[in-house]
Each structure stands twice: as structure tokens, then as C-alpha cells.
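Working notes, beginning with the structure itself.
Side-chain atoms are counted along with the backbone in the values below, which use heavy atoms only and exclude waters and symmetry mates.
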Amino acid sequence: MKVVIVGGVAGGASAAARIRRLDEKAEIIVFERTSFVSYANCGLPYFIGGTITDQETLTLQTPDSFWNRFHVNIQVRHEVTAINTEKKTVTVHVLDTGKTYEENCDKLILSPGAKPTLPHMPGADIPNVFTLRTVEDTLKIHKFIQNEKPQSAVVIGGGFIGIEMAENLARRGLKVTLIEYADHLLASFDFDMACAVHAQMENHGINLMLKTAVTAFEKDGNKIITKTANGCSISADMALLSIGVTPDTKLAKNAGLELGIKESIIVNDHMETSVPDIYAVGDAVEVKHFITENKALISLAGPANKQGRIAADNICGGNSIYKGAQGSSIIKLFDMTAASTGVNETMAKNAGMNYERVVLSPASHAGYYPGGKIMTMKVLFDKETLRILGAQIVGYDGVDKRIDVLATAIRAGIKATELAELDLAYAPPYSSAKDPVNMAGFMIENIVQGKVKQFHHDEIDKLPRDGSVTLLDTRTPTEYSRGNAKGFINIPVDDLRERLSEIPTEKPVYVMCQSGLRSYLSCRVLAQNGYDCYNFSGGYRFYEIVKEGKKQSETTLPCGINRQQKVIPRPNSLHCKKAPVKAIN
């Protein structure tokens with residue numbers, strides 16, 4: 001059997017290695033149009049930023065190492081320009097010599113990946129307007145920074161690459177402006193969870209321009225002028241376009257393969273295309289979203305690797321099935337971490353899901369052990385089936401552990417209430433006896449069992465201030481004096497039982513505290529004393545971050561001027577007074 005693979009990196013390279021492990025006799029040829037067949041794509045921004053200093057560490061496999069270990073024939077700087085589906089041949093153009101020839105095969109795997117989305121606007125092709133996708137792109141940017149010593153940069157696009165590049169350029173001392181068309185960074189997050197990300201970026205000197213459309217680039221001497229739809233002209237030494245990627249499927253389209261959304265390649269659950277014996281994997285293919293079951297494009301290394309393995313299994317006579325991707329992802333934001341899996345609220349609404357969410361702010365580890373830091377978690381679940389739909393976490397320590405537990409729970413089909421039952425590792429430096437994932441399960445269990453009702457940040461401004469409801473803040477007087485939501489009166493949780501006479505029994509009571517714990521405890525007291533009570537999801541800490549984010553989003557700012565925002569302090573320690581975590585259930 002002879003297998004030709006078009007494209008390396010995550011999908012193609014993993015498929016080649018898997019085929020060899022399954023079939024020692026197969027002839028395997030990989031054609032890669034760049035100079036690098038297998039490299040750490042996700043590490044490219046960190047090489048530019050100087051965190052990764054050795055260029056060679058970006059290369060995971062070379063043609064020689066692939067041959068020595070797997071006897072796979074890797075041909076770099078060889079571009080496949082056409083596919084003849086009837087003859088089962090590909091046309092190959094050797095970039096260094098100009099030679100063109102045909103290569104036959106029994107099976108074909110397409111792993112062309114995706115290319116940076118380039119807007120149709122004036123000046124996008126000006127030198128010093130960069131994109132970042134390949135090692136060659138990385139070396140070009142790195143060389144420019146080394147030689148030209150730029151002092152400023154504009155990054156367009158608030159996705160993973162845009163944010164990572166903004167951080168790494170700032171770490172190199174550049175003054176960075178990050179422009180995003182949407183109202184928040186990171187499309188996999190909801191606006192409320194992204195507000196902490198915005199604060200983190202701005203607190204580290206990144207100038208954010210949200211809800212801003214870029215219309216053109218102009219060259220002014222050695223400077224790049226970035227023009228925006230609201231009339232801004234931002235001068236910088238370099239610009240980076242990072243507004244997304246587009247499936248690179250010209251080859252498949254010309255060969256007559258069936259295409260799907262954004263002209264991605266349609267494959268079945270065996271990763272086979274509409275043409276028998278032709279498979280496709282990676283960023284160029286249309287997949288099923290594991291949660292919504294809708295068609296999706298998910299450009300991540302993990303799914304690409306799995307798809308390459310599955311295609312290889314089936315080529316070698318197996319019966320492996322790709323069940324879809326849920327988009328689990330994580331990103332470093334200076335010393336902060338943000339991670340998500342499954343769907344966010346926007347996706348859930350668009351899919352017509354009947355969902356509820358909980359927001360909590362647990363500690364990364366036991367409160368009595370030094371160095372604990374707060375994280376904010378948001379978990380979505382189906383109201384009827386209790387299926388976990390998605391999760392988002394922003395924090396400092398332990399975010400990666402919790403998002404992976406939740407991603408695993410989603411894949412395993414664990415109900416949201418069953419999160420309370422997970423037997424997770426505990427020692428004071430790493431967690432609490434009731435892990436944050438358990439805590440989310442306890443909260444969901446309480447909601448499902450009717451022990452507590454909740455209200456959310458997007459409902460606070462809609463609550464009546466005419467005396468028909470009671471708005472109650474159960475933090476300490478000191479906490480309350482530092483900031484509070486309009487109309488909320490202060491009765492600390494520890495004084496509540498003695499002051500019940502101050503709260504009318506005939507009115508609904510909406511209760512808030514710093515994190516949502518003390519207000520929950522208050523709701524339990526009130527409910528058992530005949531009150532109709534609602535607990536605020538996320539607490540005042542969360543409300544303050546989201547409120548500040550909304551204020552920023554609604555304010556039109558002078559071009560290039562950083563927001564004079566209220567700095568959200570880094571939660572280095574656990575400071576909620578008398579927050580008895582063990583009492584949550």
C-alpha cells in the first residue's frame with residue numbers, strides 16, 4: 001500500500017507515524033510546501049517574545065529524523081498543485097527547482113491546514129504588516145524585531161494568536177495596541193468572563209480597542225498607520241494581522257471534493273472525504289461539534305492529531321470513529337490563565353438550548369495554606385437533562401486542572417450534579433477537600449433540588465428600586481463601604497438571624513455577597529424563615545469586574561489612549577471574612 005500525505009504538522013505528521021506503527025510495509029510519502037514538516041505551531045509567539053530562545057526546539061521532527069525512526073519519506077518545499085481522483089495521482093511542484101511531476105498512490109490524506117484570513121483592505125500587503133502561521137512567518141518577525149528594534153506594534157484580532165503576540169511583544173518592551181472588532185476578546189468566552197481578561201491585558205500596559213473595525217493600512221516613512229472605521233489613525237513600527245484563519249482547500253475544491261462551511265472539506269466520521277480513498281484531517285475539515293452536533297470549524301492541535309490517527313487507523317483496515325470536538329482550549333495571559341471547553345452562552349442560545357449557569361469564585365487550594373488565589377468559574381448545564389454543556393475559567397493557579405476535569409466530565413457524559421461526587425486528589429498545596437469542580441456540582445445540585453434560586457449580573461439593573469423587593473448585601477460593613485450595587489442594603493450574614501425583623505417577609509429578597517457563598521448561606525436562613533429568596537451568581541467581585549467591563553465597552557475613547565480603568569487587584573490571597581467553604585452543602 002502506498003499512501004501520500006499532503007501537509008505535515010499536527011494532522012499529517014501524526015497520520016504518517018500512525019500508519020507506520022500499523023503497517024511496517026506501507027510506502028508513505030509526505031509532501032510539505034514549507035521547510036518544516038513538524039513544528040510547535042503553538043510555541044511560535046513565545047519564540048518571538050524570547051521565552052523560547054532556541055529556534056531548533058520549535059522543530060519536533062525533521063525529514064531525517066522521520067526517516068530514521070519511521071522510514072517515512074518527507075519531501076519539504078514540495079507543493080502538491082493538483083489531484084487526479086480517477087488516476088489516483090497528485091501533481092507535485094518542487095519549489096527549489098521548478099520541476100513538476102506526478103506521484104501515484106493507493107490512499108491520499110489531505111492535511112493542508114488553514115491560512116491566515118487576510119482582509120480585502122488597502123495596505124494589507126505593506127511590508128511590516130505581518131501574519132503568523134508558519135515557522136517562516138515567525139523567523140521573519142523575529143528577524144525584523146532583532147534588526148529594526150521596533151518600539152510599538154498594533155495587533156489586529158483578539159483570538160489566541162493575537163493575544164499571545166500582544167503579550168510577547170509587550171514583554172519585549174514594545175508599546176502594544178490590540179484591536180478587536182467584537183465587544184470582547186476570546187470568542188470562546190462570554191463577555192462577562194472576558195472582562196477579567198481585558199483588565200489583565202490593560203493592567204500590563206496593552207491598549208485595548210474593542211468594537212473597532214480596521215479599514216486600511218498606510219505607510220508613513222518607517223511607520224505603519226492603522227486606520228479604523230471610527231476615524232482613528234494609529235501609528236506604530238509594525239502591525240500583525242490575526243483576525244482568524246480560513247481553510248486552505250483550493251486543492252480539494254479543484255479536485256471536486258465536496259466542501260462545507262467556509263469551503264472546508266466535508267468528511268465522514270472515518271475522516272474520509274466524498275471521494276473514496278481520499279481522507280482529510282486538521283484545520284481544513286468540517287467537523288461535528290460534540291455538544292451542539294452542529295457543523296463546526298475547530299482549529300486546534302489536539303483535534304488535528306486525533307483526526308490524523310483516526311484516518312490512519314481506517315486506511316490500515318481499522319474502524320476508528322471521530323465523534324466530534326468540543327473545543328477545549330487554554331491560554332496564558334501574563335501570569336493569568338483562561339480556559340474553556342464546550343459551548344458558551346452565545347452558542348447555547350444560538351443552538352436553542354434550555355440552559356442554566358452557575359458562577360463561582362473558589363480558591364486554587366486550601367485557604368489556610370499560603371498562596372491561595374481566586375479563580376472565576378462558569379459552568380453551563382442543560383436544565384432538563386443536566387448534561388454539562390460547557391465551562392469557562394479565569395484565574396492564576398489550578399485553572400488547567402479544573403478545565404481538564406470538566407472537559408473529561410463532558411466527554412464521559414457525567415451529569416452536572418454528579419460533579420459533586422467526583423473523587424479528586426486533595427492536599428492543601430493543590431486543592432481543598434471540596435475541589436472547585438465539586439463546588440460547582442454542589443451549587444448545581446442545590447439549584448436542581450430547589451434549595452436555592454439565583455439571579456445573574458445581567459438582571460441586576462432590571463430589578464425594581466421602588467421598594468417592591470428587598471435588595472440585600474450580606475458582606476461586612478468594610479467590604480460594603482468599598483463598593484456596592486445600587487439599592488442594596490447591608491446586613492452582614494453573621495447578624496442576619498438577629499435582624500430578620502428589618503426584612504419584610506412579603507417581598508422577594510435578592511441577596512449578594514463577595515463571592516456567592518455568604519449570600520447562599522443567607523438565602524438558606526431566609527428561605528427557612530418564610531422568605532422568597534434569590535442568590536446572586538458570582539458575587540460582588542464578579543459583578544464589579546463585569547460592570548467595569550460594560551462601562552469600558554460603552555465608552556468611546558480617544559484613538560490610542562489607554563483606558564483609565566479601575567484596576568482590578570490581583571487576588572493574591574483569600575480574604576473573604578468567615579467564608580466557611582465546608583458549609584456550602
Side-chain angles (χ1 to χ4, degrees), residues 9-10 34-36 38-62 116 128 130-178 185-186 188 196-208 236-242 245 299-302 305 328-340 364 371 373 375 393-401 403-404 570 572:
V9 199
T34 73
S35 301
F36 303 88
S38 180
Y39 57 89
N41 189 288
C42 298
L44 301 182
Y46 299 100
F47 176 70
I48 293 171
T51 302
I52 298 172
T53 57
D54 186 355
Q55 176 186 326
E56 293 186 1
T57 62
L58 295 174
T59 304
L60 305 179
Q61 292 280 2
T62 66
N128 304 353
F130 299 96
T131 59
L132 179 60
R133 183 68 179 176
T134 66
V135 174
E136 285 89 346
D137 295 335
T138 305
L139 299 180
K140 184 179 178 182
I141 296 171
H142 188 268
K143 181 179 179 181
F144 173 81
I145 293 174
Q146 291 287 89
N147 293 342
E148 303 300 326
K149 305 291 190 298
Q151 300 298 305
S152 57
V154 173
V155 178
I156 299 93
F160 294 110
I161 294 297
I163 290 175
E164 289 170 348
M165 280 299 298
E167 174 188 342
N168 280 280
L169 291 172
R171 284 191 177 280
R172 294 201 65 137
L174 278 72
K175 181 180 178 182
V176 180
T177 296
L178 178 57
L185 304 177
L186 294 173
S188 61
V197 174
H198 302 164
Q200 172 76 349
M201 299 299 283
E202 293 197 317
N203 291 345
H204 282 82
I206 307 294
N207 179 41
L208 283 187
D237 297 319
M238 61 180 291
L240 178 80
L241 271 170
S242 181
V245 293
S299 300
L300 295 168
N305 271 285
S328 300
S329 62
I330 191 165
I331 185 170
K332 174 181 172 293
L333 307 152
F334 295 93
D335 56 349
M336 179 184 273
T337 301
S340 66
S364 57
K373 300 180 180 70
M375 67 180 75
I393 310 178
V394 179
Y396 295 90
D397 292 341
V399 171
D400 53 343
K401 170 183 176 178
I403 203 69
D404 282 342
R570 170 177 171 169
N572 285 319

Legend entry - Side-chain donor/acceptor of Asn128 to backbone N/O of Met238, under 3.5 Å: no

Legend entry - Non-hydrogen side-chain atoms of Leu178 and Leu185 separated by less than 4.5 Å: yes

Legend entry - Any Asp404 side-chain heavy atom under 4.5 Å of Ile330 side chain: no

Inset, instruction - Taking Arg172 for its side chain and Ile48 for its backbone only, find out whether a donor-acceptor pair lies under 3.5 Å. - result: yes

Legend entry - Minimum side-chain heavy-atom gap Leu44-Glu164 below 4.5 Å: no

Inset, instruction - Ignoring hydrogens and angles, tell me if any N or O in the side chain of Thr177 forms a donor-acceptor pair with the backbone of Val154 under 3.5 Å. - result: no

Inset, instruction - Could you check if a side-chain atom of Ser242 sits within less than 4.5 angstrom of a side-chain atom of Leu132, using non-hydrogen atoms only? - result: no

Inset, instruction - Quick one: which residue pairs count as a ring pair (Phe, Tyr, Trp, His ring centres under 6.0 Å) with a foot in residues 137-157, not counting sequence neighbours? - result: Phe47-His142, Phe130-Phe144

Legend entry - Backbone of Met165 reached by a side-chain donor or acceptor of Asn168 within 3.5 Å: no

Legend entry - Ion pair check, Glu136 and Lys140, cut-off under 4.0 Å: no

Inset, instruction - Please report the closest heavy-atom contact between Ala153 and Leu169, naming both atoms and the distance. - result: CB-CD1, 3.9 Å

Inset, instruction - Compare every heavy atom of Ile156 with every heavy atom of Ala239, then report the nearest pair and how far apart it is. - result: CB-CD1, 4.5 Å

Legend entry - Heavy-atom side-chain proximity of Phe160 to Leu186 below 4.5 angstrom: yes

Legend entry - Non-neighbouring partners of Ser328 that pass side chain to side chain donor-acceptor pair (under 3.5 Å), sequence neighbours left out: Thr341

Inset, instruction - Check whether any side-chain heavy atom of Leu241 sits under 4.5 Å from a side-chain heavy atom of Pro116, and report yes or no. - result: no

Legend entry - Closest non-hydrogen atom pair, Leu333 against Gln200: O-NE2, 2.8 Å

Inset, instruction - Grab the two heavy atoms, one from Ser188 and one from Ser329, that are nearest each other, plus how far apart they are. - result: OG-OG, 4.2 Å

